[in-house]
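A short worksheet on the structure shown next.
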Amino acid sequence: MHGKTVNIKSHWLLLICCFLLGCNDMTKTSQELTIKIMFRLLEDDRIKFYYIPEHSNTYSEDNMIETKVKGSIEVQSIEIILNQIPKKLRIDLGEDKHETPISITSIIIGTTRDSIDINEKSIHRFFSPNIYAIKSENGFERKNLDNRYDPFLESTALLHKKIQIDF
């Protein structure tokens with residue numbers, strides 16, 4: 001009889017451990033992610049943040065946050081909060097077809113536990129510009145090419161891996 005009691009206790013202990021580990025896994029995937037971008041932009045414009053959720057493979061308007069910004073010579077910031085840890089991020093650098101530079105001084109991606117601080121010198125490791133956003137001394141030149149305009153930065157594989165490890 002004493003041997004069965006120990007066996008039942010060890011089963012309960014195993015069940016509780018599995019439950020706690022499962023709950024910990026669930027909170028990891030459902031935690032909030034804050035993205036703060038510090039930038040300088042001379043004209044009024046709109047900046048969009050796209051993200052790809054864990055269960056998807058493409059960007060969509062359903063997973064986009066748009067923010068209007070006022071032009072200024074001062075550094076300003078935008079902060080967005082996602083209710084999940086995304087697979088991929090994209091920052092559209094303007095919608096109003098301005099061909100002036102946007103200077104990004106830092107991007108901070110974080111949760112309540114940890115953060116990834118990206119400065120203007122290391123941004124190229126974590127975000128890649130497309131052909132409409134050309135890296136320059138002053139940040140990124142936004143260009144209209146063949147009557148097309150869509151400057152954006154897309155997260156790199158290194159940032160994806162760092163997000164998986166850190167969060």
Side-chain angles (χ1 to χ4, degrees), residues 10-41 45-69 74-95 101-143 150-167:
S10 61
H11 278 66
W12 274 108
L13 183 61
L14 181 62
L15 183 62
I16 290 170
C17 287
C18 288
F19 177 75
L20 291 175
L21 288 174
C23 287
N24 188 27
D25 230 11
M26 286 169 40
T27 57
K28 184 175 180 180
T29 59
S30 66
Q31 62 183 255
E32 288 184 344
L33 185 75
T34 302
I35 302 169
K36 183 176 183 177
I37 180 172
M38 304 289 291
F39 64 96
R40 185 176 296 115
L41 182 64
D45 211 330
R46 294 170 288 144
I47 294 180
K48 292 182 179 180
F49 294 90
Y50 287 90
Y51 63 95
I52 298 178
E54 196 61 41
H55 63 278
S56 182
N57 291 318
T58 58
Y59 295 110
S60 76
E61 294 296 316
D62 293 336
N63 299 314
M64 183 270 296
I65 299 167
E66 182 175 329
T67 304
K68 292 181 181 179
V69 295
E74 301 296 321
V75 173
Q76 51 188 314
S77 69
I78 297 173
E79 186 172 301
I80 62 163
I81 299 173
L82 303 178
N83 63 359
Q84 60 186 287
I85 307 295
K87 284 197 298 192
K88 206 166 189 181
L89 296 168
R90 176 177 145 172
I91 304 169
D92 281 25
L93 301 176
E95 298 294 312
I102 179 170
S103 173
I104 298 174
T105 58
S106 71
I107 299 174
I108 301 168
I109 301 170
T111 64
T112 55
R113 294 188 319 221
D114 205 359
S115 67
I116 301 167
D117 297 340
I118 303 167
N119 63 34
E120 59 191 330
K121 292 182 184 194
S122 64
I123 194 169
H124 67 279
R125 293 182 187 146
F126 299 103
F127 286 92
S128 293
N130 69 349
I131 62 170
Y132 305 102
I134 297 138
K135 181 75 178 121
S136 71
E137 289 179 24
N138 299 327
F140 295 93
E141 298 285 335
R142 301 173 296 162
K143 295 292 182 188
D150 191 17
F152 64 81
L153 304 177
E154 192 166 40
S155 55
T156 63
L158 177 61
L159 182 57
H160 306 160
K161 186 54 94 176
K162 189 145 180 61
I163 286 173
Q164 284 177 343
I165 291 169
D166 289 0
F167 310 131

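The two residues Asn130 and Pro151 have their closest heavy-atom pair at OD1-CA, 3.6 Å. Taking all atoms of both residues into account, the shortest heavy-atom contact from Arg46 to Lys68 is CG-CG, 3.9 Å. Listed here is the closest heavy atom pair of Pro53 and Lys87: O-CE, 3.4 Å.
Remark: Lys135 is positioned above the aromatic ring of Phe140, its terminal NZ or CZ atom under 6.0 angstrom from the ring centre and at most 45 degrees off the axis.
The shortest distance between side-chain heavy atoms of Phe126 and Ile109 does not fall below 4.5 Å. Contact of the Tyr51 side chain with the Leu33 side chain is not registered, since no non-hydrogen atoms from C-beta on lie closer than 4.5 Å. By the 4.5 Å heavy-atom criterion applied to side chains, Glu79 and Thr34 are counted as neighbours. Using a 4.5 Å cut-off on side-chain heavy atoms (C-beta onward), Leu82 and Asn63 make no contact. You'll find the side chain of Ile102 stays beyond 4.5 Å of the side chain of Asp45, heavy atoms only. Taking 4.5 Å as the limit, every side-chain heavy atom of Ile118 sits out of range of all side-chain heavy atoms of Ile104.
Qualifying salt bridge (charged side-chain N to carboxylate O under 4.0 Å, His left out) partners for Glu95, counting only residues two or more places apart in sequence or in other chains: Lys48. Taking His160 as the reference, Lys88, Ser155 meet the side chain to side chain contact (heavy atoms under 4.5 Å, CB included) condition, with sequence neighbours excluded. Considering only residues two or more places apart in sequence or on other chains, Arg125 meets the salt bridge (charged side-chain N to carboxylate O under 4.0 Å, His left out) condition with none of them.
None of Ile47, Ile80, Ile107, Ile108 except one satisfies the side-chain contact (heavy atoms from CB on, under 4.5 Å) rule with Ile37; the exception is Ile107.
Applying the 6.0 Å contact sphere to NZ of Lys36 captures no more than 12 heavy atoms from other residues, nucleotides or ligands.
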Apply side chain to side chain contact (heavy atoms under 4.5 Å, CB included) to the pair Phe49 and Glu66, showing each step before the final yes or no. CA-CA 6 Å; Phe49 294 90; Glu66 182 175 329; over 6 Å; no

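Checking side-chain atoms of Tyr59 against main-chain N and O of Leu89 turns up a donor-acceptor pair under 3.5 Å. Side-chain atoms of Thr105 come within 3.5 Å of backbone atoms of Met38 as a donor-acceptor pair (strictly under, hydrogens ignored).
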